[in-house]
Every structure is written in structure tokens, then in C-alpha cells.
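A, B, ... follow the sequence lines: proteins, then strands. Residue 1 opens every chain. We use all heavy atoms of the structure for the numbers below, so side chains are in, but hydrogens, waters and symmetry mates are not. Everything numeric in this text was worked out from a predicted model, so none of it was measured.
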Amino acid sequence: MITKEDLTAYVQQSIADAKVSVTDRTGTMDHFNIQVVSDNFRGRNLLDRHRMIYQALDEPMKDGRIHALEIQAKTTEEI
Amino acid sequence: MADLIEQEIKSEIENNKILIYGKGTKSAPQCGFTVETIEFFDKFGYPYELINVLPHPEKREALNKMTNWPTLPKVFINGTFYGDTDILGPMEQKGELQTLLKEAFKTE
């Protein structure tokens with residue numbers, strides 16, 4: 001289990017300008033949908049954008065606080 | 001031991017135009033995302049292979065390193081890594097996936 005605030009903080013630690021919206025998909029606080037909007041994604045393909053987010057969330061994913069994650073990663077122009 | 005596993009993975013990737021590494025089997029998938037990926041590819045009607053890596057932790061680790069991608073399922077099309085349906089979904093919406101699949105299955 002992890003709170004939305006902690007999830008957002010983890011993302012913003014490595015993607016400073018990230019605007020993060022988190023949805024708990026199952027009510028168990030460990031299956032999330034996360035949308036990250038950041039201009040750091042400009043010029044990066046989807047795979048690399050998702051890799052950036054996985055790296056930012058490496059710790060809570062490895063220790064099991066996050067069990068499942070659906071990701072959308074866009075720049076401000078793409079929303 | 002490691003290069004044996006890498007060899008096994010490389011040949012699986014080469015021998016399957018659509019290859020999914022996931023949790024469970026086609027008849028008994030053991031994870032929601034694996035089910036989602038099976039259903040995703042069933043729509044296109046092309047043949048695909050699902051390889052269960054749940055019983056093979058060392059293979060799972062080798063795949064994580066090879067792709068720099070920490071989760072399952074992992075999808076390879078025509079030998080190239082494409083992540084999972086979070087990546088393939090938007091590609092489908094832009095029509096990129098359909099072209100890629102046609103290219104992969106066109107008989108020379």
C-alpha cells in the first residue's frame with residue numbers, strides 16, 4: 001500500500017515538473033493508474049517515458065507497495 | 001548459466017513474430033495484465049505465443065535487464081521490444097500497430 005501523495009512525491013523527485021494524477025484501480029491502494037504530464041517527455045518515445053516513470057518508482061515497486069501500474073505519459077501539448 | 005538463458009530468450013524472440021512473456025499460460029493466465037494482452041492480440045487475429053515466466057525467476061531477471069523494463073507482460077513484435085498494452089494501445093489508436101503487424105506477417 002502507498003498513498004497517492006507518496007506516489008506523486010516519488011515521481012516529482014526525479015521528474016521535477018511532473019503533474020501527476022493517480023487513480024486507485026481496485027481500492028487496495030496498490031493497483032494504480034497514473035497519468036504524468038511533463039515537458040521532460042518531449043522528444044522521447046513512449047517506451048522511454050514509461051522507463052523514466054518506472055525508474056522514479058523503482059523503490060515502491062521493488063518492495064511491493066505498488067503491485068500493478070497502468071501508465072499514461074504526456075507532454076503539456078499532448079493533453 | 002546466464003548466457004544459456006539469454007540464448008533461449010533470443011531464439012524465442014526470433015522464432016515468434018508476436019511474443020508475450022507473461023504470468024501463466026493462454027489457457028490459465030495468472031495476471032490481469034496478461035489476460036488484457038491476450039485479449040488485445042486476439043482482436044487482430046494474428047498468431048502469437050505466450051511464454052510463462054512465473055516458474056523461471058532467473059529468466060524473468062534476464063528479461064528485465066535485457067529490456068530495462070521491470071514489469072510483466074513484455075511484448076516483442078518481429079524481434080523488437082514494445083513494452084505492454086500501455087504502449088501498444090496508443091500505437092493502435094494511431095494505426096501504427098496495424099502497419100507493423102501487416103509488415104511482420106507479410107510473406108516474402
K.L.:
With a 4.5 Å cut-off on side-chain heavy-atom distances among I, L, V, M, F, W and Y, is there a chain of contacts connecting A:Val37 to A:Leu7?
P.N.:
no
K.L.:
Identify which of B:Pro70, B:Gly83, B:Cys31, B:Gly32 forms the greatest number of heavy-atom pairs closer than 4.5 Å to chain A.
P.N.:
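Counting heavy-atom pairs under 4.5 Å, the top option is B:Pro70.
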K.L.:
Side chain, backbone, both or neither: which part of A:Ala73 has a heavy atom under 4.5 Å from chain B?
P.N.:
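Answer is neither: A:Ala73 stays 4.5 Å or more from chain B.
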K.L.:
Examine B:Ile77 and B:Phe44 and state if one hydrophobic cluster contains both, with Ile, Leu, Val, Met, Phe, Trp and Tyr joined whenever side-chain heavy atoms are less than 4.5 Å apart.
P.N.:
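Same cluster.
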K.L.:
Counting distance alone, with no hydrogens or angles, which donor-acceptor pairs between chain A and chain B are under 3.5 Å?
P.N.:
unit_1  : atom_1 : unit_2  : atom_2 : d
A:Arg51 : NE     : B:Thr67 : O      : 3.2
A:Arg51 : NE     : B:Asn68 : O      : 2.9
A:Arg51 : NH2    : B:Thr67 : O      : 2.7
A:Tyr54 : OH     : B:Thr71 : OG1    : 3.4
A:Ile71 : N      : B:Asp86 : OD2    : 2.8

K.L.:
If hydrophobic clusters are built from ILVMFWY residues whose side chains come within less than 4.5 Å, do B:Phe41 and B:Phe33 share one?
P.N.:
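No; tracing contacts between hydrophobic side chains, which count when under 4.5 Å, never links both residues.
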K.L.:
Hydrophobic clustering (ILVMFWY, side-chain heavy atoms < 4.5 Å, transitive) - are B:Phe76 and B:Met91 grouped together?
P.N.:
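They do share one cluster, since a chain of ILVMFWY contacts under 4.5 Å joins B:Met91 to B:Phe76.
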K.L.:
Following the transitive rule for hydrophobic clusters with a side-chain heavy-atom cut-off under 4.5 Å over Ile, Leu, Val, Met, Phe, Trp and Tyr, establish whether B:Met66 and B:Val75 coincide in one cluster.
P.N.:
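Result: yes, single cluster for both.
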